[in-house]
> 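Pasting a structure below so you can have a look.
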2 protein chains.
Amino acid sequence: MQIVGELINASRKKVREDIRDKNTEKIVQVARDQHEAGADFIDVNAGIFVGKEADYVKWLVQTVQENVDTPCCIDSPDPKVIEEAVKVHKGIPMMNSISLESERYENMISVVKGTDMKIIALCMSDEGMPHTKDARMKIADKLVNGLVKNNVDIGNIYLDPLVQPIGSGDTLGMEFLNTIETIHHEYEGVHTICGLSNISYGIPKRQFANQAFMIMAITKGLDSAIMNPLDKKMMASIIVAEMLAGKDEFCSNYMNAYREGLLGD
Amino acid sequence: MQIVGELINASRKKVREDIRDKNTEKIVQVARDQHEAGADFIDVNAGIFVGKEADYVKWLVQTVQENVDTPCCIDSPDPKVIEEAVKVHKGIPMMNSISLESERYENMISVVKGTDMKIIALCMSDEGMPHTKDARMKIADKLVNGLVKNNVDIGNIYLDPLVQPIGSGDTLGMEFLNTIETIHHEYEGVHTICGLSNISYGIPKRQFANQAFMIMAITKGLDSAIMNPLDKKMMASIIVAEMLAGKDEFCSNYMNAYREGLLGD
């Protein structure tokens, strides 16, 4: 499982203040904590700062990478912000995100074409957010073909089928999960990714439901997630599910986690 | 999820003593506790008492059914024991189990043919226990066809693909899970069932791994289980997984469980 640590996001009050104050120490701490907990990429998002987003995102990338040895996931709907931030990024960044919405698609394609960036592609079009597997697959197909045609390596595509709350419809969980399975079946080498906490919107015991949904998604092939790597129960859920799904040779990652006390009481 | 409560089994020391002493009060208590916790069937097994098995199993069926309004799952490899116990059983029993091992198959077919018993059929043959999905499906196919040919309703067949320890091979979990999925895809109306604790044999944090594997199996379509219904964390795992898998209309079972404090801390 490739993990994108989601905590450096200006929509979180404390982080918003730390970004506004350019508080290096605090930002580095959040980045380091996530890296040590297992994040493969550190998401950086300053979308709330209208007009100053590019400046802040560049500062975040530099601040994170000067102190923690990890690539960033540059998180913005604005292609100019991505373009600026990539210039100061060391190594290969991830970008979050392109979608099939026409304006966003056209602008983002020109930023990512021919690059070796890792690209999160949302299954969303001008018609809005799809609810069924079939509607998602139609969008996924156009995204994968469009990106490959623009010289993006298929292994750098991370499709996000977009989780919708189970409270809005009994079938929404399985439609999402079956999309994950079908993507891996149809497009060898493509990754799937999501931020899955939306599944439990409006119901109680959200973390409990989120952990179960992560286990279900891994069963269907999910191989990447945008999440809080400091959430120990979620990390334990990933470790056990990957072991049971045959992605942990000789159960060695599971055994190490057990010895380090990471599997809970 | 149809739940077969597994606790009245003479291989458990305390229960063995209660059966030997024909301690009605104790046996009824174990049956009632399981029924109240959600068991749809009460498994009765006295296999350890050689020569007296039929007598004890009949006593168990009668003792359970005189006090708790629930069918039993008559659990014996001996067709004579099943035959005897069925005679004293009220309503429709489950039987555990037939397999494709020639002697057992021939003897059990004559007991179950043309009945409306619910039949657990193990994916095991004279060649032993299969390890792959394909080997299991070959056996499953013969079992389903053989039973249907002998006038067993397809909806009364409960196929058990037999869980094997993940510690014995990284792929054994997915081979089992993919069998569950394929069975539901190939044979509409057939049920799948298992006792899944074997998955965690030899590794630490067994209950944690068992809960995750239950969630994974439900994701693939598992609709019945032989288990301890007094295991609250396992029951909570089933409730959340069924809700997320679209088997809980309006999340109402999940919401009720939450209000009753059944989803844990």
Side-chain angles (χ1 to χ4, degrees), chain A residues 163 165-178 180-181 196 199-200 202-222 233 236-255 257-259 261-265, chain B residues 163 165-178 180-181 196 199-200 202-222 233 236-255 257-259 261-265:
Chain A
V163 173
I166 191 74
S168 304
D170 296 339
T171 60
L172 290 173
M174 281 313 288
E175 292 287 345
F176 172 87
L177 295 170
N178 289 335
I180 296 282
E181 184 171 50
L196 57 67
I199 190 69
S200 61
I203 62 169
K205 305 288 293 176
R206 290 194 65 175
Q207 287 178 306
F208 175 65
N210 293 347
Q211 289 152 25
F213 200 62
M214 176 63 87
I215 292 168
M216 297 171 86
I218 289 171
T219 310
K220 293 291 201 169
L222 184 77
K233 286 192 173 178
S237 298
I238 292 171
I239 290 166
V240 69
E242 293 216 292
M243 187 251 312
L244 295 170
K247 292 182 170 178
D248 178 11
E249 203 176 4
F250 306 125
C251 307
S252 59
N253 194 31
Y254 182 84
M255 294 303 297
Y258 169 68
R259 287 186 206 105
L262 299 177
L263 301 182
D265 310 324
Chain B
V163 173
I166 191 75
S168 304
D170 295 341
T171 61
L172 290 173
M174 281 313 288
E175 291 288 344
F176 172 87
L177 295 170
N178 289 335
I180 296 282
E181 184 171 50
L196 57 67
I199 190 71
S200 61
I203 62 169
K205 305 289 293 176
R206 291 194 64 175
Q207 288 179 307
F208 175 65
N210 293 347
Q211 289 152 25
F213 200 62
M214 176 63 88
I215 292 168
M216 296 171 87
I218 290 171
T219 310
K220 293 291 201 170
L222 183 77
K233 284 192 173 180
S237 297
I238 292 171
I239 291 166
V240 68
E242 293 216 292
M243 186 249 315
L244 295 170
K247 293 183 170 178
D248 178 12
E249 202 175 6
F250 305 126
C251 309
S252 58
N253 194 31
Y254 181 85
M255 293 303 297
Y258 169 68
R259 286 185 207 106
L262 299 177
L263 302 182
D265 309 323

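Computed from a predicted structure; not experimentally measured. Order of the sequence lines sets the chain letters (A, B, ...), proteins ahead of strands, with each chain counted from 1.
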> For B:Phe176, which atoms come within 4.5 Å of any heavy atom of chain A: side chain, backbone, both, or neither?
neither
> Relative to chain A, which segment of B:Leu172 carries a heavy atom at a distance below 4.5 Å: side chain, backbone, both, or neither?
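For B:Leu172, there is no contact with chain A at all, as no heavy atom is under 4.5 Å.
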> In chain order, what residues pass the salt bridge (Lys or Arg N to Asp or Glu O under 4.0 Å) check against B:Glu175, with sequence neighbours excluded?
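Per chain and number, B:Glu175 pairs via salt bridge (Lys or Arg N to Asp or Glu O under 4.0 Å) with no residue.
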> In terms of heavy-atom proximity below 4.5 Å to chain B, should A:Ser200 be classed as side chain, backbone, both, or neither?
neither
> How about B:Asn253 and B:Glu242: do any of their side-chain heavy atoms sit closer than 4.5 Å?
no
> Would a 4.5 Å heavy-atom cut-off, applied to side chains only, mark A:Tyr254 and A:Leu263 as touching?
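Heavy-atom side-chain distance check passes, below 4.5 Å.
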> Given heavy-atom pairs under 4.5 angstrom as the criterion, report whether the side chain, backbone, both or neither of A:Phe213 touches chain B.
both
> Checking A:Ile218 against chain B: side chain, backbone, both or neither under 4.5 Å from a heavy atom?
neither
> List in chain and number order the residues that pass salt bridge (Lys or Arg N to Asp or Glu O under 4.0 Å) with A:Lys220, two or more places apart in sequence or in another chain; answer none if no residue qualifies.
A:Glu181, B:Glu181
> Does any heavy atom of chain A fall under 4.5 Å from the side chain of B:Ser168, the backbone, both, or neither of them?
neither
> Take atom CZ in B:Phe208; do more than 12 heavy atoms of anything else shown fall under 6.0 Å from it?
yes
> To the closest 0.5 Å, what do you measure between CE (B:Met255) and CD1 (B:Ile239)?
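Spacing of CE (B:Met255) from CD1 (B:Ile239) equals 12.5 Å.
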> Counting heavy-atom pairs under 4.5 Å with chain B, which one of A:Ile203, A:Thr171, A:Ile199, A:Leu177 comes out on top?
A:Ile203
> Where does A:Met243 contact chain B at under 4.5 Å (heavy atoms): side chain, backbone, both or neither?
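Contact with chain B: backbone and side chain both.
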> Could you give the distance from CD1 (A:Ile215) to OG (B:Ser237), rounded to the nearest 0.5 Å?
7.5 Å
> Counting heavy-atom pairs under 4.5 Å to chain B, which of A:Gly246, A:Gly173, A:Pro204 comes out on top?
A:Pro204
